[in-house]
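Here the structure is laid out as C-alpha cells; the discussion comes afterwards.
Keep in mind that the numbers below use all heavy atoms, side chains included, and drop hydrogens, waters and symmetry copies. Chain letters run A, B, ... following the sequence lines, proteins first, then strands; residues in each count from 1.
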Amino acid sequence: MVTGNVRIRNALSESKPGIGTKLGFSVLYAVLIVVAALQLFPLVWLLFFSLKNNQEVFNLPPLSLPMNPRWENYEKVWSAGNIDVYFFNSVWITVSATVITVMLGSLVTYAVTRMKWKGSSLVLGLFMVAMMIPVHSTLIPLFSLFNKVGLTDHPLSLILSYVAFNMPITIMILLGFYYALPREVEEAAIIDGCSVNRMFFRIVFPMTSSVLATTAIINMIYNWNEFIFVNTFISSDSYKTLTVGVQNFIGQYTTDWGAIGATLMISILPILITFLFLSNRIVEGIAAGSVKG
Amino acid sequence: MDKVLSNKKIIALYVLPSLLLILAIVYIPIVLTAYYGLNEWNGIGAMTFVGVDNYLALFKDTTFWNSAWHSLLLAVFSGISLLLYLIVAMVLAARIKGANLFRKIYLIPMLLSSVAIAQLWLKIYHPTNGVLNSMLESLGFANPPAWLAESSIVLFALFIPILWQYAGFYILIYYAALKNIPASLEEAAKIDGANALQIAWKIKLPLVMEVIKVTIVLAVVGSLKYFDLIFVMTDGGPNGASEVMASYMYHEAFRAYDFGYGSAIGFFLLVICLAVTWVIRKLTASKDTIQYS
C-alpha cells in the first residue's frame, strides 16, 4: 500500500512541468517549428521573387525582402499571358463541376441511405471501388471516347471527368453525415403525405448544408488543381484552365523570373485565401476523405 | 412508409445519372484499356488485333522495368517517410499549444496545384539562380550540382518535393487518430510509471495501427501511380533517369502515338495498383474504412 502511494505521488509530481519537461517541450517545439519553416519557406521565397525583377533575383540574396515591390509583374502577366482567360475558365469549370458533383452525390447518398431497393449496396460498392482506380489507366480510352463524340477540346470533357472522378469521395464524405442524420422528421413528413422529392429537397438537403460546404470545398480544390485531363483533352487556349495555362506560359517565358513568380502566385492565391478563411472545413474534409491519395 | 421509400422511378432518377456517368468515365475505360492493349493502334487509324504481343513486349522492355523500379523506389521512400510523419504527429498530439495551427501550416503544400509546386521547385533547383544552390554557395560549397540534370541524383531530387507536398496530409491523418485515443489511457500508464517513449510505443502505436495500415496503402499505391511533379519538372529525363510507370505510359501513347502499347502499360499499372491494395489489405485485414471523427 505504502509503496503504491509513493508511486502515484511520484507520477503526479512528474506531470507538473519541471525544468526537465520544460526543456523537453522546447525541443519538441523546435522540431515542429523547423517542419513548419520547411513547409512555408518555398512559398515565402516564391512570394518574394514574384515581386522582384531579374536583376534583383539574380544579384540579391534569395531571402532579401523585395524593397520596391514590383506589382507590375502581376499586371503584366494578367493580361499579356492570357492568364485572365485561364483564370476565368478555371473558375467556371471548377464551380460547375463542383455543383453537379455535390448535387448528384447527394441524390445517390440519399437513395443509398434512406430508400429501400435491391442492389443498393452493389451500387455503393461500385462508387467506392472507383476510388482505387488510377486516373492514368483511364486516360487513353477517355481521350479516344471523347474524340469519337466530338468532346475533345471541349470543356464538357473536363466537367464530365471531374464529376465522375470526384463522385466517390463526395459520396464517402456525405455517407457518414447521412447515416448520423436523425430520421424522425422524415418519418413524420411521410406520415403527413410528403413526397420523396419534396422531402429530399425541402427537408433533408437543407439539413446537410454544413457537410455540403465541406465536400464542395474539397471538390473545388481538386478541380482547381487538376492538370492531366486538361493537358490531354484541351488544345485551344480559349478553354485551358490555369494549371495548363500556367505551364504553357512559363514554357514561353522561361527567363523572366518575376513574371513566372507572379503567374504562380495568381494560380495559388485563390486556394490560399480560401484556406485562410475555411481551414477548419478543409482539414475536416481532407481527413474524412483520406482514402483518396 | 416503405412504399414511399421504395418508389422505383425516384430511385432510378436519383441514382442513374451518377451511375451511368461513373460507368462511362471510369469503368468502361478500364475495360477498353485492357482491350486496346491487345491491339496495334496509333490512336487515329484502324486497330490491328495483335493478341498479347504488347503485354509480352512489356515484360521484355527494359525502359519499362526501369520506370517500374523508379516508381517502386518512390513507394519505398514514401513508406519510410510515414514513420517521420508519425513522429511529428505524436509530438503535435502531446498537449502542444498551437497544434491546430501547426497542422494547418503543414497541410498548405498539399492544397496547391502540382503544376505550381513543380514550377516552384524547378526554380528552387535552378543550377545558378535557384535558392538551394545560392545557399549552398554562400555556405562555401563550390560548384553545387545541377540537381535535375544529373541522372544519378535527379530521382532523389524529385522525391523531396513529392514528400514535401504530402507530408502535411499524413501528419493530419495521424494527428486525428492520435487525438481519438482517450486521455485516460495515457494517464493510467503514467501512474504505472511508463515514460513518454513507452507510452508512444506500447499504447499509442497499437491503437493507431489501423490508420497506419490505411496510410501505407495510400502511400504505396499513390507512389506507384505517381505522375504530376515528375511530368512537369523533368518529363522523365534526363535520358529516362526519372521516368516512372505513368509518365512512360503517357509518352508511349501521346508522344510516340503507340496507343496500344500505352494502353498495355496503363492496364498493367491498374493491375499493380489493385493487387498491391489487395495484398496490403489482406496482410493487415480487419476493417475496411476508418472514421476520423
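- B:Cys273 contributes atom SG, which lies 11.0 Å from atom CE of A:Met132 (distance to the nearest 0.5 angstrom).
- Only the side chain of A:Ile228 has a heavy atom closer than 4.5 Å to any heavy atom of chain B.
- Contacts between B:Met245 and chain A at a heavy-atom distance below 4.5 Å are absent for every atom of the residue.
- Distance CG/A:Leu32 to CZ/B:Arg103: 13.0 Å, rounded to 0.5 Å.
- Of the possible donor and acceptor atoms, none in the side chain of A:Tyr110 sits under 3.5 Å from a partner among the backbone N and O of B:Tyr14.
- B:Leu274 touches chain A through its side chain: at least one heavy atom from C-beta onward sits under 4.5 Å away, while N, CA, C and O do not.
- Contacts of B:Ser134 with chain A are made by side-chain atoms alone, with heavy-atom separations under 4.5 Å and no backbone atom involved.
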Pair A:Asn280-B:Asn100, side-chain contact (heavy atoms from CB on, under 4.5 Å): steps then yes or no: CA-CA 9 Å; A:Asn280 283 329; B:Asn100 197 31; 4.1 Å; yes
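- A pairwise comparison of heavy atoms in A:Phe49 and B:Lys123 identifies CZ-CG, 3.9 Å as the closest pair.
- Side-chain contact between A:Val35 and B:Phe102 is absent, with no heavy atoms from C-beta onward closer than 4.5 Å.
- Residues from residues 29-36 of chain B that place a non-hydrogen atom less than 4.5 Å from a non-hydrogen atom of chain A comprise B:Pro29, B:Ile30, B:Leu32, B:Thr33, B:Tyr36, given in numerical order.
- In this structure, B:Ile22 and A:Pro168 have side chains that are in contact, with non-hydrogen atoms separated by less than 4.5 Å.
- Looking at A:Leu38, only its backbone comes within 4.5 Å of chain B, counting heavy atoms on both sides.
- Side chains of A:Thr138 and B:Ile25 form no contact here, defined as non-hydrogen atoms less than 4.5 Å apart.
- For A:Pro42 against B:Trp121, the heavy-atom pair with the smallest separation is CG-CZ2, 4.1 Å.
- Contact of B:Ala246 with chain A is made through the side chain alone, with heavy-atom distances under 4.5 Å.
- Separation of atoms CG (A:Leu107) and CD1 (B:Ile11) is listed at 12.5 Å; rounding is to 0.5 Å.
- When ring centroids are compared, B:Phe227 and A:His136 come within the 6.0 Å threshold.
- The greatest number of non-hydrogen atom pairs below 4.5 Å with chain B, out of A:Gln247, A:Met199, A:Met265, is found for A:Gln247.
- B:Ile10 places none of its side-chain heavy atoms less than 4.5 Å from the side chain of A:Phe200.
- Contacts between B:Tyr27 and chain A at a heavy-atom distance below 4.5 Å involve the side chain alone, from C-beta outward.
- Of the two parts of B:Leu270, the backbone and the side chain both hold a non-hydrogen atom closer than 4.5 Å to a non-hydrogen atom of chain A.
- For the residue pair A:Ala164 and B:Val26, the shortest heavy atom distance occurs at CB-CG2, 4.4 Å.
- Atom CG in B:Leu107 sits 8.0 Å away from atom CD1 in A:Ile282 (nearest 0.5 Å).
- Cation-pi check for B:Lys8 over A:Trp117 is not met; the charged atom does not lie both under 6.0 angstrom from the ring centroid and within 45 degrees of its normal.
- Between chain B and the options A:Val246, A:Ile271, A:Asn225, A:Thr232, heavy-atom pairs under 4.5 Å are most frequent for A:Asn225.
- Contact of the A:Ile190 side chain with the B:Leu5 side chain is registered, since non-hydrogen atoms from C-beta on lie closer than 4.5 Å.
- Both the backbone and the side chain of B:Val131 come within contact range of chain A, each with at least one heavy atom under 4.5 Å from a heavy atom of that chain.
- Proximity to chain A (any heavy atom under 4.5 Å) is shown, for B:Trp278, by neither the backbone nor the side chain.
- Top candidate by heavy-atom pairs under 4.5 Å with chain B, chosen from A:Ile140, A:Asn197, A:Ile221, A:Leu104, is A:Ile140.
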Test log, rule side-chain contact (heavy atoms from CB on, under 4.5 Å), inputs A:Leu139 and B:Met249: CA-CA 10 Å; A:Leu139 198 61; B:Met249 181 212 85; 4.2 Å; yes
Worked check of side-chain contact (heavy atoms from CB on, under 4.5 Å) between A:Gln39 and B:Ile171: CA-CA 12 Å; A:Gln39 294 300 89; B:Ile171 293 172; over 6 Å; no
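- Both the backbone and the side chain of B:Ser18 come within less than 4.5 Å of a heavy atom of chain A.
- With chain A as the partner, the residue from B:Ile44, B:Asn129, B:Leu92, B:Ile105 showing the most heavy-atom pairs under 4.5 Å is B:Asn129.
- Atom-to-atom distance recorded for B:His126:NE2 and A:Trp257:CH2 is 5.0 Å, nearest 0.5 angstrom.
- With respect to chain B, the highest number of heavy-atom pairs below 4.5 Å among A:Ile100, A:Leu160, A:Leu272 belongs to A:Leu160.
- Side-chain contact between B:Leu111 and A:Ile286: present, with at least one pair of heavy atoms (C-beta onward) separated by less than 4.5 Å.
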From CA spacing to verdict: side-chain contact (heavy atoms from CB on, under 4.5 Å), B:Gln119, A:Thr263: CA-CA 10 Å; B:Gln119 290 295 350; A:Thr263 317; over 6 Å; no
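- Proximity to chain B is absent for every atom of A:Val135, based on heavy atoms less than 4.5 angstrom apart.
- With a threshold of 4.5 angstrom between heavy atoms, B:Tyr106 approaches chain A through its backbone and through its side chain.
- Within the 4.5 angstrom heavy-atom criterion, no atom of B:Phe268 approaches chain A.
- Top candidate by heavy-atom pairs under 4.5 Å with chain B, chosen from A:Ile171, A:Thr101, A:Thr109, A:Asn231, is A:Asn231.
- With sequence neighbours excluded, no residue forms a side-chain hydrogen bond (donor to acceptor under 3.5 Å, both in side chains) with A:Thr274.
- The contact between B:Ala24 and chain A is made entirely by backbone atoms, counting heavy-atom distances below 4.5 Å.
- Interface summary for chain A: among B:Ile108, B:Val88, B:Thr277, the most heavy-atom pairs under 4.5 angstrom belong to B:Ile108.
- Ranked by heavy-atom pairs under 4.5 Å with chain B, the first of A:Ser267, A:Ala130, A:Ala111 is A:Ala130.
- In this structure, the portions of B:Leu112 lying under 4.5 Å from any heavy atom of chain A include both its backbone and its side chain.
- Using a 4.5 Å cut-off between heavy atoms, A:Leu145 touches chain B through its side chain atoms alone.
- The contact between A:Val129 and chain B is made by backbone and side chain atoms together, counting heavy-atom distances below 4.5 Å.
- Of all the heavy atoms in B:Trp41 and A:Ser144, the pair that sits closest is CH2-CB, 3.6 Å.
- Around atom OH of B:Tyr257, no more than 12 heavy atoms belonging to other residues, nucleotides or ligands sit under 6.0 Å away.
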